[in-house]
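A short write-up of the structure that comes next.
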Amino acid sequence: MKKIFIKTFGCQMNEYDSNRIFDTVKKIGFEKTDVLEETDCYLLNTCHIRDKAKEKVYHDIGRIKKSFRSKKKPFVIIAGCVAQAENEEMLKREPYIDLVIGPQAYHKINSRIEEYFEKQKKLEETDFDAEAKFNYLNQIKNSSSKVSSFLTIQEGCDKFCHFCVVPYTRGPEYSRSYNEIIAEAKNLSFNGVKEITLLGQNVNAYNNDNYRLSDLILEIEKIPEIKRIRYTTSHPRDMTDDLIEVYGISKKLMPLVHLPVQSGSDKVLKLMNRKHSISDYIKTYERLKKLNSKIEFSSDFIIAYPGEEEKDFNETFELIKNIKFINSFSFIFSPRPGTAASNLKLIDKGISKERLEKVQKQLFEHQILMNKSLENQEIDVLVENKTEENNKFFGRSEYMTSVIFDGNDEDVGKVIKVKINNSNQNTLFGEKVRKSEQKVA
Ligand code: SAM
Ligand code: SF4
């Protein structure tokens, strides 16, 4: 047995990919290790979405070199979106790297590793071949057994928002076969998984033989062991009628809608090439709220996009106050090489920081208020595991908020009632409600 150490940067899809890479390399005799010093193979799954992504990778390799200074060097693989964007340049710049492999070429990882050991030749593999990748991976069982697991249904993007590197690093939009996804969901439930988050860079653009995301949700819902369904990340333009209507029918789809808006200004949305307007967005919000009043929204915001004036920023701020988003992400615009916005004139750093702070203060306030409103209430929690400290248990509310509470080992994997006693911005604290104490609805 050879050992592999996998480090993952970035989004949930990278996390899913890292697990699937491990399922794959197991076939050629690798086992996972969490002890860096004992590894034979170091795999870094990289993210290119913001900031000094490339430099972070070289910095990380520098650390590995140091750790292995007096030992045999591990076989070093760079995977993910930086690998795709930089390709053979990485092998030239850093001879410590042995294999560079992009996200749509993971089906070739075993043959490339074996080839390297036969010929000692460094390799770069960055073709876009999502179909071949999924055809290959469909034959390998997803071994994830976490209470809450990811399942990729769609990859890539054809929308080309001007700030975003995804269409270049993940390639064109591709939807996996409907039947294969259902088979993988059943297999996950067999492994003990209770919550599935369907993943895609444009997850609600999913379309395979006219099966849409709504069909997948309603079919997965039929698996008795699966208690909760989520999906991410979606685009406002693809919130189609069928998907909206599912919120009125589904018993297992969670009431948190993560729908990135990026900006509250139509002018900025146009500059970003987002192809949706604020009035469309608000209409979607209102329709969903009407169908199910429990629904709350979370979002992604890009602050200080080139051309964002004070007036535009104020529109973003107003939108945040109106919709009262919870659990959102906000970042200052970060120019990405190769994208349409890469060379635009940046907004002054001080102003950008000030705007970000103002937005985050407002977003956090909503989060704190939302959590406070749950104090003294009994809420449904899916229990994920026991915490390392204090012998407490960890789970999540329907809105993905972390819940720490006193419970029992046998509750792991179950949805139970927890009475919330306390809260802060990110966490709810409480105790399990015994069956005999549960309020009658
Ligand atoms: N497909 C989703 C959508 O259409 O909104 C977003 C997926 S993108 C991988 C995740 C988030 O990263 C975006 O919603 C955006 O807020 C952020 N992001 C992407 N490029 C960025 C950039 N150049 N600078 C700052 N944030 C960026
Ligand atoms: Fe990037 Fe999303 Fe725009 Fe596609 S739709 S380019 S993934 S932000």
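As a basis for the values below, the full set of heavy atoms in this structure was taken, side chains included, without hydrogen atoms, waters or symmetry mates. Both ligands and their constituent atoms are indexed starting at 1 by order of listing.
Remark: K3 is not positioned above the aromatic ring of F30, lacking an NZ or CZ atom under 6.0 angstrom from the ring centre and at most 45 degrees off the axis. Annotation: cation-pi geometry not satisfied between R20 and Y106 (NZ/CZ under 6.0 angstrom from ring centroid, within 45° of ring axis). Remark: K358 is positioned above the aromatic ring of F317, its terminal NZ or CZ atom under 6.0 angstrom from the ring centre and at most 45 degrees off the axis. Remark: R93 qualifies as a cation-pi partner of Y58 under the 6.0 Å distance and 45° angle criteria applied to the six-membered ring.
In this structure, F429 has its ring center no closer than 6.0 Å to that of F405.
Y168 is linked by a ring pair (Phe, Tyr, Trp, His ring centres under 6.0 Å) to F160, counting only residues two or more places apart in sequence or in another chain. Take D241 and apply the side chain to side chain donor-acceptor pair (under 3.5 Å) test, not counting sequence neighbours, and it matches R287.
Using a 4.0 angstrom heavy-atom cutoff, R274 counts as in contact with ligand 1. Residue contact annotation: I332 has a non-hydrogen atom under 4.0 Å from ligand 1.
Below the 2.8 Å limit, atom 3 (Fe) of ligand 2 has as protein N, O or S neighbours C161 SG.
A donor and an acceptor atom, one from each side chain of S423 and N371, are nowhere located under 3.5 Å apart. Counting only N and O atoms by type, the side chains of D129 and Y174 include no donor and acceptor under 3.5 Å apart. R237 and H235 are not linked by any side-chain donor-acceptor pair at a separation below 3.5 angstrom, with hydrogens and angles left out of the test. A donor-acceptor contact closer than 3.5 angstrom links the side chains of D300 and H258.
The residue among T233, I302, D238 with a heavy atom at the shortest distance from atom 2 (C) of ligand 1 is T233.
Residues D312 and S265 approach most closely at OD1-OG, 3.0 Å, considering heavy atoms.
Contact atoms of ligand 1 toward P260: 5 (O), 14 (O) (distance under 4.0 Å to a heavy atom of the residue). Which parts of ligand 1 touch Q201 is read off a 4.0 Å heavy-atom cut-off, strictly below it: atoms 1 (N), 2 (C). Close contacts of ligand 1 with R50, meaning ligand atoms under 4.0 Å from a residue heavy atom, involve 12 (O), 17 (C), 18 (N), 24 (N), 25 (C), 26 (N), 27 (C). Less than 4.0 angstrom separates some heavy atom of R336 from each of these atoms of ligand 1: 23 (N). Atoms of ligand 1 lying under 4.0 Å from at least one heavy atom of V166, given by number and element, are 9 (C). Interface of H235 with ligand 1, defined as ligand atoms under 4.0 Å from a residue heavy atom, comprises 4 (O).
Not one N or O of F301 is nearer than 3.5 Å to an N or O of ligand 1, by distance alone. Considering backbone and side-chain atoms alike, D300 places an N or O below 3.5 Å from some N or O of ligand 1. Between Q262 and ligand 1, at least one N/O pair is under 3.5 Å apart.
For atom 8 (S) of ligand 1, the closest non-hydrogen atom on the protein side is I49 CD1, 4.1 Å. Residue, atom and distance of the protein heavy atom nearest to atom 20 (N) of ligand 1 are F163 CD1, 3.3 Å.
The side-chain hydrogen bond (donor to acceptor under 3.5 Å, both in side chains) contacts involving residues 144-156 comprise Q104-E155, K133-E155, S144-S149, S148-E195, E155-R170, where partners must be two or more places apart or lie in separate chains.
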